[in-house]
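To keep things clear, I will list the structure first and then write my remarks on it.
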There are 2 protein chains.
Amino acid sequence: MGRRREFDLDQALEAALCVFWRKGYEGASYNDLTQATGVERPALYSAFGNKEALFLRALERYEEQQLGFFPEALAQPTSRDVAEHILRGVAELNTRHPEHSGCFIVNGALAGSDESEPVRQALIAARAKGEARLRERFERAQQEGDLPASANCAALAAFLMAVTHGMAVQAKAGFGREALEAVADQALAAWPTNAEPL
Amino acid sequence: MGRRREFDLDQALEAALCVFWRKGYEGASYNDLTQATGVERPALYSAFGNKEALFLRALERYEEQQLGFFPEALAQPTSRDVAEHILRGVAELNTRHPEHSGCFIVNGALAGSDESEPVRQALIAARAKGEARLRERFERAQQEGDLPASANCAALAAFLMAVTHGMAVQAKAGFGREALEAVADQALAAWPTNAEPL
DNA sequence: TTTATTTCATAACGACCATTATAAAACACT
DNA sequence: AGTGTTTTATAATGGTCGTTATGAAATAAA
């Protein structure tokens, strides 16, 4: 019973996600959020909790709806295919929307006031989770003989993440998809392999 | 004539630089700045202008005092040495100060409110300047036969910058110097060369 | 010693921040 | 129709933001 809500939760969350994606956690004000969502402040609070909770919900949504290429990548047959799939996916995602370029997880809270520390840590954890999955995937590749025994799987995962973060910084600076693809190509040029040299 | 200033300009600017380095442009408040510098607000305004001007002065200081390894790198004999010198320098600089890790130019203003747009653009320009110098250096290396004719100098410069930006994000997330060095090693593994294969 | 000038410390400014109190409006159930 | 419950819209809360007005303190020249 009671009055039924007049806005769509998913739609509002999507709009909030776009604002945070563009301006980051601290750079996004409730004026921005109410304007983008078309929802008044108290409704946002009652639906999602405070700003931090709303941001964390947006982070969940981002991972679910935008990072689908990541598990796809992990399912690729070789470690090089994994890396390439991720780099292509990042290049595409970071330039797909001109009005909020770059990566939500990198833009969200790189540096900021002490009050944004919980959000910063949540984003750090999200990146660490991805890196750990990559490392595990590369360790599997090593056991399968896809990667040479000399390969440093942790370093490979960290390197791949570093390149994606760098591409995110560049996308936020206005780099186009072609420029990011060129960066990805260079990152792939060194990928270790057990394939026979020609 | 007139009362003489009771604080050291360089010292105050250095303290302000550290605050911006740690919290970014928008995340740093005048409370933070006055506390770190030991200088009252009106004195900061009369000495440096407003917050934006102070930040830009801090940017100049950062480039002059912290990025000395960059021209050093450009003076290395081969493009690979250039890249290695930069990557080692970034790994060291981004982890030198535990209380403000990462890169001032990346931390400063990646995403934020519309009011920080001028600062964002200044940092983008600073990165573009470095990338352009790298590209020119690599083009010279290509003419000298150090880089193969097939090398894409613009892409190499963008790739190298991407890795440094990614290392900055990781350093801000708490990565240690060794972890960044491992990323650097992997970035160098693919560097194109005209050397004879063994 | 007076005078002009610069810097100092205190405190105020309006604007915006995230958050919430309030009450009218819309619904479900009796 | 009436009652209880939820959402709505308006507007106010205290706090912090960047910036500056104000007048006392300190210095150099007259």
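Each chain gets a letter, A, B and so on, in the order its sequence line appears, and its residues count up from 1.
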In this structure, how many angstroms lie between the [atom2] atom of [N] and the [atom1] atom of [X], rounded?
X: B/K51; N: D/dT20; atom1: NZ; atom2: C1'; result: 17 Å
X: A/Q35; N: D/dA9; atom1: CD; atom2: C1'; result: 17 Å
X: A/D8; N: D/dT7; atom1: CG; atom2: P; result: 15 Å
X: A/L9; N: D/dT6; atom1: CG; atom2: P; result: 16 Å
X: B/F7; N: D/dA26; atom1: CZ; atom2: P; result: 17 Å
X: A/Y45; N: D/dA12; atom1: OH; atom2: C1'; result: 14 Å
X: B/E52; N: D/dT19; atom1: CD; atom2: C1'; result: 14 Å
X: B/Y25; N: D/dC17; atom1: OH; atom2: P; result: 14 Å

Is any side-chain N or O of [X] closer than 4.0 Å to OP1 or OP2 of [N]?
X: B/N50; N: D/dT19; answer: yes
X: A/N31; N: C/dC17; answer: yes
X: B/R4; N: D/dA28; answer: yes

- request: Evaluate the side-chain proximity of A/M167 to A/L87: yes if any heavy-atom separation is below 4.5 Å, no if none is.
  value: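 A/L87 vs A/M167: side chains touch.
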Most 5' of B/P42 and B/E115 on DNA chain C, judged by nearest nucleotide: B/P42
- prompt: Which residue, A/Y30 or A/G2, contacts DNA chain C at a nucleotide closer to its 5' end, judged by nearest heavy atom?
  reply: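 On the 5' side of the pair lies A/Y30.
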- request: Report the nucleotide, chosen from C/dT10, C/dT7, D/dT19, that has the shortest atom-to-atom distance to any side-chain atom of B/E40.
  value: C/dT10
query: More 5' along DNA chain D: B/R41 or B/E6, using each one's nearest nucleotide?
result: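 This one resolves to B/R41.
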query: Between the base of C/dT7 and the side chain of B/R3, is there any donor-acceptor pair under 3.5 Å?
result: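 In this structure, the two groups form a donor-acceptor pair.
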- prompt: How is B/A28 classified with respect to the nucleic acid when contacts are heavy atoms under 4.0 Å: base, sugar-phosphate, or nothing?
  reply: sugar-phosphate
field: Distance-only side-chain donor-acceptor flag, B/Q66 / B/R96, under 3.5 Å
entry: yes
- prompt: Of the non-hydrogen atoms in B/L13 and B/R61, which two are nearest, and what is the gap between them?
  reply: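 For B/L13 versus B/R61, the nearest heavy atoms are CG-CD, 3.8 Å.
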- prompt: Should B/E84 and B/R80 count as an ion pair when the cut-off is N to O under 4.0 Å?
  reply: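 So B/E84 pairs with B/R80 through a salt bridge.
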- prompt: Salt bridge check: are B/E144 and B/R140 linked by an N-O gap of less than 4.0 Å?
  reply: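 Here B/E144 pairs with B/R140 in a salt bridge, since their nearest N and O are under 4.0 Å apart.
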message: Which label fits B/H97 and B/W21: parallel for a plane angle under 30°, tilted from 30 to 60°, or perpendicular past 60°?
response: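 Rings of B/H97 and B/W21: perpendicular, over 60°.
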- request: Assert yes or no for the condition that the ring centre distance of A/Y45 to A/Y30 is strictly below 6.0 Å.
  value: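 Here the rings of A/Y30 and A/Y45 have centres that are less than 6.0 Å from each other.
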query: Quick one, which residues of residues 12-19 of chain A touch DNA chain D with a heavy atom under 4.0 Å?
result: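 Result for residues 12-19 of chain A: none.
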